[in-house]
Amino acid sequence: MSYLLNSIFLISGRHGAFTGVPPTVMVGFALVSTALIFLGIFLSQKRRMWLQHSQLTQGEIVEVSKRYDRGDHLGQHPIFFPVVSFIVNERQFKIEADKGMSILSKVGQKMQVRYNPENPYESALGESNIPGIKPSVFFALGTGLLIASILLML
């Protein structure tokens, strides 16, 4: 291992034995990873509160967008994104699915919509879906970075 590191340092113009990662870098990694984990906790609580305060309504598919995956060069496997219209306080709102479906939904088909009563534009299709990024992304990044910083300190 040290031969490999010395070879890399020789190529990069550095000399001497590898002394390890500076402690300031490890402290920085630990701070960033902790911030990511706390951000995940904050987003998780925010999503839980949104779910508690949101309401369900019935929507109707008014349009279906058809798209193709980048890897589908022949256009043989379309992905369908339904656009659902729903009414709140006698006003009509529309939302497009953020995840595509492999089967074609029919116009006129009913779907559940969960929305924020104070801002119906903030909505999601389905009974348990919540708009926004999932906190698990921040938990995974923070945990991975924290483990990497601990391993590099050893």
Side-chain angles (χ1 to χ4, degrees), residues 1 4-5 8 11-12 21-154:
M1 179 74 171
L4 177 66
L5 287 174
I8 292 171
I11 292 170
S12 68
V21 180
T24 55
V25 173
M26 292 302 99
V27 170
F29 274 11
L31 288 174
V32 169
S33 65
T34 304
L36 287 171
I37 291 171
F38 278 121
L39 182 60
I41 291 169
F42 171 75
L43 288 176
S44 179
Q45 290 174 348
K46 187 175 177 182
R47 286 171 62 92
R48 193 175 308 115
M49 291 201 42
W50 189 90
L51 192 59
Q52 290 173 349
H53 291 84
S54 64
Q55 294 181 0
L56 278 173
T57 189
Q58 193 80 353
E60 182 178 323
I61 297 176
V62 293
E63 180 184 338
V64 179
S65 299
K66 180 164 83 169
R67 300 183 195 145
Y68 296 92
D69 193 350
R70 289 182 184 179
D72 187 10
H73 300 294
L74 299 176
Q76 294 179 344
H77 305 287
I79 303 170
F80 302 101
F81 291 83
V83 177
V84 177
S85 173
F86 63 100
I87 297 174
V88 176
N89 297 331
E90 299 178 11
R91 288 185 59 204
Q92 183 178 15
F93 298 90
K94 289 184 180 179
I95 179 174
E96 184 176 22
D98 56 350
K99 293 180 185 173
M101 301 177 192
S102 59
I103 57 170
L104 177 61
S105 301
K106 296 185 192 277
V107 173
Q109 183 179 345
K110 302 290 185 189
M111 278 189 108
Q112 292 281 347
V113 177
R114 184 168 287 281
Y115 68 96
N116 180 353
E118 296 166 7
N119 180 11
Y121 288 108
E122 191 178 304
S123 56
L125 293 178
E127 205 170 307
S128 61
N129 289 337
I130 301 172
I133 192 165
K134 296 187 177 184
S136 58
V137 172
F138 294 101
F139 287 131
L141 288 173
T143 303
L145 192 57
L146 186 62
I147 290 171
S149 65
I150 290 171
L151 289 175
L152 287 173
M153 279 195 248
L154 299 176

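The basis for the numbers below is simple: all heavy atoms, side chains too, and nothing from hydrogens, waters or symmetry mates.
Without hydrogens or angle criteria, R114 side chain to E127 main chain gives a donor-acceptor distance under 3.5 Å. Checked by atom type and distance alone, the side chain of Q45 never pairs as donor or acceptor with a backbone atom of F42 at under 3.5 Å. Between the S33 side chain and the A30 main chain, a donor and an acceptor come within less than 3.5 Å of each other.
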Test log, rule side chain to side chain contact (heavy atoms under 4.5 Å, CB included), inputs F81 and V64: CA-CA 6 Å; F81 291 83; V64 179; over 6 Å; no

Full working for side chain to side chain contact (heavy atoms under 4.5 Å, CB included) between I37 and F138: CA-CA 6 Å; I37 291 171; F138 294 101; over 6 Å; no

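In this structure, Q58 and F86 have side chains that are not in contact, with every pair of non-hydrogen atoms separated by 4.5 Å or more. Counting heavy atoms from C-beta on, the side chains of L56 and V113 never come closer than 4.5 Å. Under the 4.5 Å side-chain criterion, counting only non-hydrogen atoms from C-beta, F139 is in contact with I41. Annotation: side chain of V83 is in contact with side chain of S65 (closest heavy-atom distance under 4.5 Å). Considering only heavy atoms from C-beta on, I61 stays 4.5 Å or farther from K106 through its side chain.
Looking at every heavy atom in both residues, P131 comes nearest to S123 through CB-O, 3.8 Å. Minimum heavy-atom separation, L145 to V32: CD2-CG1, 3.6 Å. Looking at every heavy atom in both residues, N116 comes nearest to W50 through CB-NE1, 3.6 Å.
With values rounded to the nearest 0.5 angstrom, M49 atom CE is found 12.0 Å from I130 atom CD1. To the nearest 0.5 Å, the span separating CG on L141 from CG on L36 amounts to 6.0 Å. Expressed to the nearest 0.5 Å, how far CG of L43 lies from CZ of R48 amounts to 11.5 Å. For the atom pair L125 CG and D98 CG, the distance stands at 7.5 Å (nearest 0.5 Å).
Inspection of the S85 and Q92 side chains reveals an N or O donor paired with an N or O acceptor under 3.5 Å.
Ion pairing of E122 with R47 is absent here, as no side-chain N (NZ or NE/NH1/NH2) approaches a carboxylate O to less than 4.0 Å.
Ring centroids of F93 and Y121 are separated by less than 6.0 Å, placing the two rings close together.
Counting heavy-atom neighbours within 6.0 Å of N119 CG, excluding the residue itself, gives a total above 12.
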